[in-house]
*Asks:* 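First, the structure itself, so that you have it in front of you.
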Amino acid sequence: MAWFSFQRSAVLSLFAGLALTAWAAQWAAGVVESEARQEFQQASAIRVLQVDKRLDAYHGVLRGLQGFFAGSTEVDRGEFHRYVARLELKKRLPGFQVVGFARRVALAERAAFLATVRSDRRLVAEGYPAFALRPQGERPEYLAIEYIEPAQDNEAAMGFDLLSENARRDAIERARATGAAAATAPLTLVQETGRQTSFLLIVPIYRNAASIATMEEGQAAFLGVVYAAFRMEDLARGIFGDDVQRLDLSVDDVGLVGTAAGGVADAQPLLRLTSSTSKSEGASYSSERVLDFAGRQWRLRIDASDAQAVVKRTSTVVLAGGALISMLMFALLQSFAGSRARALELADAMTHELRESEARTRAVLDNTLDAIITIDEQGLIESFNLAAERLFRYTTTEVLGHNVKMLMPAPYADAHDGYLRAYRQTRVRKIIGIDREVLGQRADGSCFAMELAVTEVIVNDRRRFIGLARDITERKKMEQLKTEFVSTVSHELRTPLTSIRGSLGLLEGGIGGQLPAPAKALIGIAANNCDRLVDLINDILDIERIASGRMNFQFATQPLLPLIEQALEANQGFAVQHEVRLELVARPAQGRARIDADRFLQVLANLLSNAAKFSPPGEAVEVSLLRRGDRLRIEVADHGPGIPEAFRARIFEKFSQADGSTTRARGGSGLGLSISKALVERMGGAIGFSSEPGQGARFWCEFPEVMAESASMIVPLASADAPRVLVCADDADVAQLLATVLKRAGYEVDLAASAGQAGEYLGSRQYAAMTLDMGLPDETGSDLLSSLRAAKGGFEVPVVVISGSHDLATPALGGALAVVDWLDKPVDVQRLTAALKRAIHGPASRCARILHVEDDADLVHIVAAQFGSLAEIIAARTLSTAKDELAARTFDVVILDLGLPDGSGLELLPVIQGLEHPPPVVVFSASDTATRVDVQQAVAASLVKSRTSNERLLQIVRELTQPTQAAEAAGARRQLVTAGREEQEMHDNKENDDER
């Protein structure tokens, strides 16, 4: 019985133990399975987070590239290579296959684009002669891959048209329409040698300063894209590292965000990773997440295949240890502890990887040379890289969450919130996408000049603004040094050259007596070489003024044909030196444009001199004035050797010459065409050329035509009591032109087409003056004057002769025949009106007294020699001496240099204006900076040394010494000041409107 009880107890104990063991095994299996499932879900979430964060990092790099393009007018291949290399993407963000830039090219621009890329030698010495667009064929537009990094092993992608394939084109169209990043559907890269599936991440690039507030504006301003290509398996290895071998991971692209896609039939596989364990066993657990990335939906599925094995092993251990409760508990505790440790270790590893990913992204931003600051729509700072800390001298913790206006001085800080508020309400861009020079404020309150580019990005439906700032203090200092250097060059070179050229001109004119022939030849050589040196200095200074935006223009609407004829006449001497002819071969009936006449003549002089230099002896340089739609085109054609193909791309660059031998044979500085291009474009025109080897070259420039006012709208300027002038000319067009000019100058005009008709007019009316063409149909102008002089009562009317051929013998009789001036055709209108004023009002009654304020004694002597007995020249070498002279006596004119030993000549203007009878002032200085509007009222004329001939200076001063002309000049100055002030007010109002 006892045995039985013991046996029964044993059996009961066995059954109880077995039951307890079975229950424990069941309970342990459930616990293990629950923890395994929880561990799997946590690991799956961390892996999805890893993928999401890494894709955000890749997105951020492309946005940085977008900002890099926005911060530069044109990013060339070398800059793109250096920028991408500095990012060290292979090391810091593994997974990138390639980063590139694709440019939008219209069909009409294809040939020019191919030529530009093939000749691009900034990165590779031999260029890219084999570059071509692929696939071949004509399409309305291309999006051709132009830059690609790394270039090695990716040559097959160069020139590939991204719009030629559906998946790429769909993503590009989304990016271009929305301005946001776009990912492609799964595809195979053109340079792929294996079978990996890939995709592209694309970010649009828009033209700087262009508005993209609407879809149409975005389409018009679209310049191209920056993109990154990823091979999915390489991407997974870059994210998960060695852990990729233990993953059961699949990624499918299920369509665009917001569509009804997502079914099995819609899925396109992107990635399949299977561990060795899952090949032999089915998956126990699985997790599926949908991830939105750059406009597309990715379905990530993660499977666990070893979970059931863990559960079975736990049950076996529990069952085997059922006899020993202590061992069972120990085994259970060990199993639980091990499971928890593994879960914590996996979580820690994934967290560590996430931190490393963030650290790599931060390292890219912190190693960028430019300060990068990100703000939200309220202006609060969200990120602040190391370059920004160095620039503004704040730490990141000091600025995060604060308004960005803390980095700005007044008034920028006061107005910043208003700018953001206006943009949120109107979405009208003022500064986004535009490089601006502004002031920044450091932590210590000091201000500095910086260049700022602002880019707008949208990430996860949140709008942010990225600012790229660069300290330009040193650049400003260099610009100031350059300006001071140019000012020094202007004074120290132009002043002695003016003396040299003036002296040579006086010697050529015979002031020193008759010179022997050898001496004349030597003086001619010296004068020619002095002119060449003056031209070179003027060209260099013009280049500097154009580059700094200080070139002054005086725009007026005027006919082009008289200016072209004037240019031909002025350059005939240069053409004769090269044994060629200048011919005007085509002209329209009318043609007016709004231009600066002096700058226009400078452009034509450059084009004509180039054509003359390269024309064979005996040939003609042909000049045409043509109408092309609503534009007027001036063409200058030669019959020289043409322009070499290799030189055409550089022909408008500074100091460009086809080769060394050309430079020695033809002369020139290589600046003329560069200056011409800048002047034409500043006047609203365009310039270009065409050439065939061996058949010469044809340069052209064109300007928008301004339609002439109808006759009914022209108001005559002459009054009833105005002086009456007789115009005697047989050419009806010339006569009408002279009549129009003289009526607008304030004269009454009668027209006589013959000598007989002129005699009738002179016998019946009183005339203050007359103009006379020497070639009349019934008798010569000389005979008419002789007969008038011999008539009873004599002939006292002043005469201005206009002739097509300048007879040197005839003007010598001018004194006897009352000839005031002798003008060649085409007529210089300014000289004609000046001659008539001189004839009607008469010369000054006394010798003019002129104060010449100039520190260069040689130049004072040269100017005095030019005036001779016509004026009394009083020299003053300093400001103090000039003030003493002005206090001691009166002067008719003051010739003023700006650079004096004891100060600027402008300091003398208030003294002159304070006199009882202030004389007119002629600024004659080596500096050619534009005169300020507030100074123009006190200055009658502003002349530049080495640009002003002896005759021009003499003419201006003589006109100012005549009381009537001086009064008219003062009125013209007042009109100029009023117009300048109105233009400045309009400009200021426009700037205020833009800021608002």
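Please read these numbers as outputs of a predicted model, since none were measured by experiment. Atom set for the values below is all heavy atoms of this structure, side chains included, hydrogens, waters and symmetry mates excluded.
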*Asks:* Less than 4.5 Å apart, any side-chain heavy atom of Phe293 and any of Tyr58?
*Replies:* no
*Asks:* Can you measure from CG (Leu271) to CG (Leu235) and round to the nearest 0.5 angstrom?
*Replies:*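 Between Leu271 CG and Leu235 CG, I get 8.0 Å after rounding to 0.5 Å.
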*Asks:* Do Phe465 and Val457 touch side chain to side chain, with heavy atoms closer than 4.5 Å?
*Replies:*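 Not touching, per the 4.5 Å side-chain cut-off.
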*Asks:* As a test of understanding, state which of Arg104, Arg139, Arg134 forms a salt bridge (Lys or Arg N to Asp or Glu O under 4.0 Å) with Asp161.
*Replies:*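 Only one of Arg104, Arg139, Arg134 forms a salt bridge (Lys or Arg N to Asp or Glu O under 4.0 Å) with Asp161, namely Arg139.
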*Asks:* What's the spacing between Leu89 CG and Lys91 NZ if we round to 0.5 Å?
*Replies:* 12.5 Å
*Asks:* Between Arg63 and Glu456, is a salt bridge (Lys or Arg N to Asp or Glu O under 4.0 Å) present by the stated rule, with each step listed?
*Replies:* CA-CA 10 Å; Arg63 283 302 181 186; Glu456 179 186 19; over 6 Å; no
*Asks:* Nearest 0.5 Å, what's the OG1-CE distance between Thr197 and Met232?
*Replies:* 8.5 Å
*Asks:* For the pair Tyr147 (side chain) and Val99 (backbone), establish whether a donor and an acceptor sit closer than 3.5 Å, ignoring hydrogens and angles.
*Replies:* no
*Asks:* Going by heavy atoms in the side chains, are Glu149 and Phe80 under 4.5 Å from each other?
*Replies:* yes
*Asks:* Given the rule in the side chain to side chain contact (heavy atoms under 4.5 Å, CB included) test, do Val117 and Glu146 qualify, once you have shown the distances and angles that lead to the verdict?
*Replies:* CA-CA 8 Å; Val117 176; Glu146 183 177 0; 3.8 Å; yes
*Asks:* Rounded to the nearest 0.5 Å, how far apart are CG of Asp370 and CG of Leu468?
*Replies:* 5.5 Å
*Asks:* Grab the two heavy atoms, one from Tyr206 and one from Gly179, that are nearest each other, plus how far apart they are.
*Replies:* OH-CA, 3.3 Å
*Asks:* Nearest 0.5 Å, please: how far is CG in Leu62 from OH in Tyr227?
*Replies:* 11.0 Å
*Asks:* What pair of heavy atoms forms the shortest contact from Ala171 to Ala182, and how long is it?
*Replies:* O-CB, 3.3 Å
*Asks:* Can you confirm whether Leu163 sits close enough to Arg168 that some side-chain heavy atom of one is under 4.5 Å from a side-chain heavy atom of the other?
*Replies:*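 They are not in side-chain contact.
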*Asks:* Taking C-beta and beyond as the side chain, do Leu256 and Arg174 meet within less than 4.5 Å on heavy atoms?
*Replies:*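 A side-chain contact under 4.5 Å exists here.
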*Asks:* Just list the side-chain donor-acceptor pairs under 3.5 Å for residues 183-191, sequence neighbours left out, or say none.
*Replies:*
from, atom 1, to, atom 2, distance (Å)
Thr184, OG1, Leu200, N, 2.9
Gln191, NE2, Asn154, OD1, 3.0

*Asks:* Can you tell me how far CD1 of Ile205 sits from CZ of Phe68, rounded to the nearest 0.5 angstrom?
*Replies:* 11.0 Å
*Asks:* So which heavy atom on Thr455 is nearest to which on Ala70, and how close?
*Replies:* OG1-CB, 3.5 Å
*Asks:* Considering the options Glu217, Glu141, Glu216, which one meets the salt bridge (Lys or Arg N to Asp or Glu O under 4.0 Å) requirement together with Arg176?
*Replies:* Glu141
*Asks:* What residues, two or more places apart in sequence or in another chain, satisfy side chain to side chain donor-acceptor pair (under 3.5 Å) together with Tyr142?
*Replies:* Arg110
*Asks:* Just wondering, do Trp298 and Leu55 contact through their side chains at under 4.5 Å, heavy atoms?
*Replies:*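 In short, these two side chains touch, coming nearer than 4.5 Å.
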*Asks:* Any ion pair linking Arg464 and Asp376 (charged N to carboxylate O, less than 4.0 Å)?
*Replies:*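 No, Asp376 and Arg464 are not salt-bridged.
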*Asks:* Is the shortest heavy-atom distance from the side chain of Arg231 to the side chain of Gln97 under 4.5 Å?
*Replies:* yes
*Asks:* Shortest non-hydrogen contact from Asp252 to Pro269?
*Replies:*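 Of all heavy-atom pairs spanning Asp252 and Pro269, the closest is OD1-CA, 3.2 Å.
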*Asks:* Show the nearest heavy-atom pair for residues Phe230 and Leu201, with the distance to one decimal.
*Replies:* CE1-CB, 4.0 Å
*Asks:* Is it true that Arg393 and Glu398 make a salt bridge, defined as a side-chain N closer than 4.0 Å to a carboxylate O?
*Replies:*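 Salt bridge flag = no for Glu398 with Arg393.
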*Asks:* Determine whether the aromatic ring centres of residues Phe101 and Phe69 are separated by less than 6.0 angstrom.
*Replies:*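 Ring centres of Phe101 and Phe69 closer than 6.0 Å.
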*Asks:* Assess whether salt bridge (Lys or Arg N to Asp or Glu O under 4.0 Å) is satisfied between Arg442 and Asp471, documenting all intermediate values.
*Replies:* CA-CA 12 Å; Arg442 296 189 174 94; Asp471 190 346; 3.3 Å; yes
*Asks:* Counting N and O atoms only, with roles assigned by atom type, does the side chain of Gln378 sit under 3.5 Å from a partner on the main chain of Leu380, one being a donor and the other an acceptor?
*Replies:* no
*Asks:* Which residues satisfy the side chain to side chain donor-acceptor pair (under 3.5 Å) test with Glu437, sequence neighbours excluded?
*Replies:* Arg475, Lys476
*Asks:* Is there a donor-acceptor contact under 3.5 Å from the side chain of Asp120 to the main chain of Arg122?
*Replies:* yes
*Asks:* Salt-bridged, Arg272 to Glu233, with N to O below 4.0 Å?
*Replies:* no
*Asks:* Just checking, is any N or O donor in the side chain of Gln50 or Arg47 under 3.5 Å from an acceptor N or O on the other one?
*Replies:*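 No, Arg47 and Gln50 have no side-chain donor paired with an acceptor closer than 3.5 Å.
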*Asks:* Which heavy atom of Val225 sits nearest to which heavy atom of Pro204, and what is that distance?
*Replies:*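 Heavy atoms of Val225 and Pro204 come nearest at CG1-CA, 4.1 Å.
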